[in-house]
Amino acid sequence: MGALSKYANAGSTGLAAARALYATAILAYLGGIAYPRWRNFRKAEKKKKEAERMLRMGGKEVASVKDDKVKAIKKPGPAVNRTFFEQLKKLLKIMIPGIWCYESGLLSLHTMVLVMRTFLSIYVAKLEGKMVKHIVRRDVTTFGWLLTTWFGVAIPATFVNSLIRFLESKLALAFRSKLVGEAYKRYLSNQTYYRVSNLDGRLDNPDHCLTDDITSFTSACAHLYSHISKPLLDSALITASLFQLARAEQSNTTAGPILAGVVVWGTGRILRMVSPKFGVMVAEEASRKGYLRYIHSRIITNAEEIAFYDGHKVELSNLERAYSAVVDQSNLIYQKKLWYIMLEQFLMKYGWAGTGMVMISIPILTSKKNANLGESGIGDRTEYYTTAKNLLTSGADAMERLMTAYKEVVELAGYTQRVATMLEVFTDCSNSRYERGVVSQCTELELVNGVPRVAGVVLDSPGGDLVLERVPIVTPNCDVVVSSLSLQVQPGQHVLISGPNGCGKSSLFRILSGLWPVYSGVLRRPQASNMVFIPQRPLMTIGTLRDQVIYPDNKQEMQTKGWTDEDLEGVLDTVNLNHIVTREGGWDTAADWKDILSGGEKQRMGLARLFYHRPKWAMLDECTSAVSIDVEGKIYQSAKDLGVTLLTITHRPTLAKFHTHLLQFDGQGGWTFNSFSSEVFSTLGEERSKLEEQLTQVPRLEERLREIQAMMGQEKEREEADLTDTLNSD
């Protein structure tokens with residue numbers, strides 16, 4: 001402003017430059033804020049009128065639209081509304097579970113320190129006013145004592161400022177610990193960690209929600225508390241102090257507060273009117289950051305496969321695309337903040353400064369105290385001016401923080417929606433309530449709003465047998481692999497499961513394990529503690545060699561069950577891994593076992609867990625594909641000797657002799673379930689004899705083929721000779 005005034009005083013050229021700069025600033029403001037806001041307002045009005053027109057038509061036009069053109073209804077984004085406060089209330093109950101908890105104590109202590117800081121600010125403002133008063137009076141002695149007092153107050157004031165930041169950080173950490181504990185508890189119960197990623201479609205990146213979103217939400221909560229509570233307290237106490245000062249001056253005490261209230265109210269209305277939707281933008285930015293992290297973790301997880309295919313160019317393009325999306329969203333937020341902060345600073349810095357000057361001048365100009373004292377009252381007026389100026393500066397800072405707090409509240413709404421949605425999804429998945437893409441048609445399942453209804457019944461089998469009654473095998477994408485499967489397997493009946501790829505073999509195991517829902521029919525199964533699932537690629541946990549065998553137990557639980565390291569060596573001997581203990585340096589050796597053990601060793605380590613836990617049922621999904629046939633036979637026979645009922649998926653015919661029944665899928669939705677009786681084996685033997693007999697005839701058939709080819713060659717030569725003779729005669 002001062003620079004523009006200098007240009008204006010310089011002459012007509014400076015005046016023209018000043019006017020041009022003013023006009024440019026106004027046009028930039030109109031182009032950056034006013035026009036976009038007017039355009040969005042017009043769009044909203046059009047949508048409102050269109051909605052009213054549709055309602056008047058009774059929805060007939062909507063009904064006439066074809067189903068394949070109907071768009072899914074998009075859920076509303078985060079906003080400061082009733083939903084936000086309800087979600088925040090639920091989260092606060094988790095973070096502050098009671099009045100006498102640790103978090104309540106921290107919050108109370110933080111509040112006390114904030115109150116202390118406000119009183120210190122008022123005291124320092126009055127102290128500075130007295131110091132200026134005695135400077136004007138040239139009272140060196142009193143000024144020296146006041147200056148010493150001022151330095152003495154500075155020590156506790158700076159400590160209180162540091163303590164506020166310390167308690168804010170401690171409060172955020174306490175909130176985070178409570179929320180993380182609750183989130184982990186829900187995430188790692190009832191197979192929720194599997195269901196969220198494979199059966200539900202609402203959370204794209206649960207790991208990002210569990211880490212960054214919770215951290216951002218708790219930090220915003222702790223910061224916003226001090227950012228709102230202290231300014232409110234400052235405003236109330238400073239207003240009271242200014243009222244007392246004005247009354248002490250025997251001046252007008254109502255004009256100043258009324259003027260301040262009108263200016264603050266008008267500023268709030270203007271900022272609220274032009275405020276962009278920061279909550280929606282922040283939530284979108286967090287979502288894009290989560291996707292970028294997912295791309296990074298995907299590269300780390302599949303590094304070997306990417307290296308084999310030399311697919312670094314594709315992965316680089318994926319990374320660049322994800323990062324560009326984050327950059328675009330961040331630039332959008334910065335662009336919106338540019339014009340918003342410009343208006344905000346103009347109103348709060350210059351508008352409020354001018355209002356403050358008027359508020360300070362009113363008591364001085366209308367004061368009846370010291371009106372006739374002439375120069376002797378200058379010191380008192382100077383003390384009032386300095387004190388009021390300092391108090392108004394603190395009050396303006398408090399009101400500015402309150403105004404800018406709305407923007408932080410909107411950002412908090414974005415984090416609140418993501419964290420609350422995460423916990424809601426965890427609870428729903430734990431209770432087998434899923435939301436995924438809308439299914440257009442599926443005659444085999446009952447659909448509710450385009451989502452298949454889980455109507456099946458899962459019961460514990462009192463007799464310990466496994467029974468399926470009209471249970472369909474349905475993938476998470478609602479592809480019906482087998483429309484109805486009914487069978488009964490009793491303990492001791494070992495079932496070999498075979499069929500082409502994608503026929504439902506592994507899907508059946510997921511249903512039996514409870515990973516996938518039972519959409520219809522009845523499933524009676526043994527208790528989960530009596531069943532063990534061994535996949536083709538067993539998990540190698542973080543820990544010692546002992547932990548690999550006893551997973552998911554720990555050493556204390558192993559000892560409680562009565563197991564010793566010598567017993568574990570016997571388990572490893574069963575799966576031909578007893579040399580591992582000596583080779584790796586003992587049971588307490590900790591290493592990255594995923595990379596140390598070979599594929600066959602990892603499969604045998606997974607089977608070692610079978611002999612440690614000794615369940616009554618074992619579901620084996622190609623778990624010996626990298627194990628030699630002789631060791632494989634030894635393992636299967638040892639499992640049968642322990643009384644374990646085996647359900648095996650395999651392509652190796654050598655395992656048939658260890659099973660009593662065969663479940664055969666044809667890949668077209670059909671299946672057969674028969675026992676491996678002598679009749680079945682005799683049929684297989686007859687088929688083998690026929691094939692061997694046919695193979696013995698191969699040499700004779702090859703000789704006959706050569707004879708036919710020779711005869712056909714001679715016939716062809718004769719035809720060519722006849723054709724040549726005919727041409728020569730012509």
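Computed from a predicted structure; not experimentally measured.
- Contact record, I473 with S507: CG2-CB, 3.5 Å, taken as the closest heavy-atom pair.
- The pair R583-E601 meets the salt-bridge criterion, with a side-chain N (NZ, NE, NH1 or NH2) lying under 4.0 Å from an Asp/Glu carboxylate O.
- Under a 3.5 Å cut-off, the side chain of N554 and the backbone N or O of Q556 do form a donor-acceptor pair.
- Side-chain contact between E569 and W587 is present, with heavy atoms from C-beta onward closer than 4.5 Å.
- Atom NZ of K90 and atom CE of M95 lie 14.0 Å apart (nearest 0.5 Å).
- Contact of the R195 side chain with the L515 side chain is not registered, since no non-hydrogen atoms from C-beta on lie closer than 4.5 Å.
- Between L610 and A639, the shortest heavy-atom distance links the atoms CD2-CB, 4.2 Å.
- In summary, the side chains of T215 and R176 do present a donor paired with an acceptor at a separation below 3.5 Å, with no hydrogens or angles considered.
- A search for salt bridge (Lys or Arg N to Asp or Glu O under 4.0 Å) contacts involving R293 returns D212, not counting sequence neighbours.
- Contact check on R202 versus D428 returns a salt bridge, with a Lys/Arg side-chain nitrogen under 4.0 Å from an Asp/Glu carboxylate oxygen.
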Exercise. Evaluate the side-chain hydrogen bond (donor to acceptor under 3.5 Å, both in side chains) criterion for residues D213 and S216: first the C-alpha distance (whole Å), next the side-chain angles of each, then the deciding distance (0.1 Å), finally the verdict.
Key: CA-CA 5 Å; D213 286 348; S216 301; 5.5 Å; no

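- Heavy-atom contacts from other residues, nucleotides or ligands closer than 6.0 Å to OH of Y323 number 12 or fewer.
- When all heavy atoms of F611 and I635 are compared, the pair lying nearest together is CZ-O, 3.5 Å.
- A distance of 9.0 Å separates CG in L508 from OG in S513, rounded to the nearest 0.5 Å.
- Between C221 and L88, the closest side-chain pair of non-hydrogen atoms falls below 4.5 Å.
- R546 and D588 are joined by a salt bridge, as a carboxylate oxygen and a charged side-chain nitrogen come within less than 4.0 angstrom of each other.
- Residues S189 and S430 meet the side-chain proximity criterion, which asks for heavy atoms closer than 4.5 Å.
- Crowding of K561 atom NZ: a count of heavy atoms from other residues, nucleotides or ligands under 6.0 Å exceeding 12.
- Here K634 pairs with N576, S638 under the side chain to side chain contact (heavy atoms under 4.5 Å, CB included) rule; sequence neighbours left out.
- The 12-atom threshold is not exceeded at CD1 of I542, counting heavy atoms of other residues, nucleotides or ligands nearer than 6.0 Å.
- Between Y551 and L539, the closest heavy-atom pair is OH-CD2, 3.4 Å.
- Donor-acceptor pairing under 3.5 Å is lacking for the side chains of Q493 and T660.
- The stretch residues 484-507 participates, sequence neighbours left out, in no ring-ring contact (aromatic ring centres under 6.0 Å, His included) pair at all.
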Practice problem: Output, in order, the C-alpha distance, side-chain angles, deciding distance and verdict of ring pair (Phe, Tyr, Trp, His ring centres under 6.0 Å) for H208 and Y294. | Solution: CA-CA 8 Å; H208 184 79; Y294 162 73; over 10 Å; no

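- Under the salt bridge (Lys or Arg N to Asp or Glu O under 4.0 Å) criterion, E315 pairs with R298, not counting sequence neighbours.
- Within the structure, salt bridge (charged side-chain N to carboxylate O under 4.0 Å, His left out) pairs that include any residue of residues 611-632 comprise E632-R652 (at least two apart or interchain).
- Residues V495 and T648 fail the side-chain proximity criterion, which asks for heavy atoms closer than 4.5 Å.
- Residue-environment remark: NZ (K178) stays at or below the threshold of 12 foreign heavy atoms within 6.0 Å.
- Among pairs with a residue in residues 526-540, those fulfilling side-chain hydrogen bond (donor to acceptor under 3.5 Å, both in side chains) read Q536-S625, at least two apart in sequence or across chains.
- Using a 4.0 Å cut-off between charged side-chain N and carboxylate O, R186 and E182 make a salt bridge.
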Quiz prompt | Pair E584-T589, side-chain hydrogen bond (donor to acceptor under 3.5 Å, both in side chains): steps then yes or no | solution = CA-CA 7 Å; E584 302 300 334; T589 302; over 6 Å; no

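- Remark: Y194 OH is packed, more than 12 non-hydrogen atoms of other residues, nucleotides or ligands lying under 6.0 Å away.
- Shown here is R525, whose CZ atom has more than 12 heavy atoms of other residues, nucleotides or ligands within 6.0 Å.
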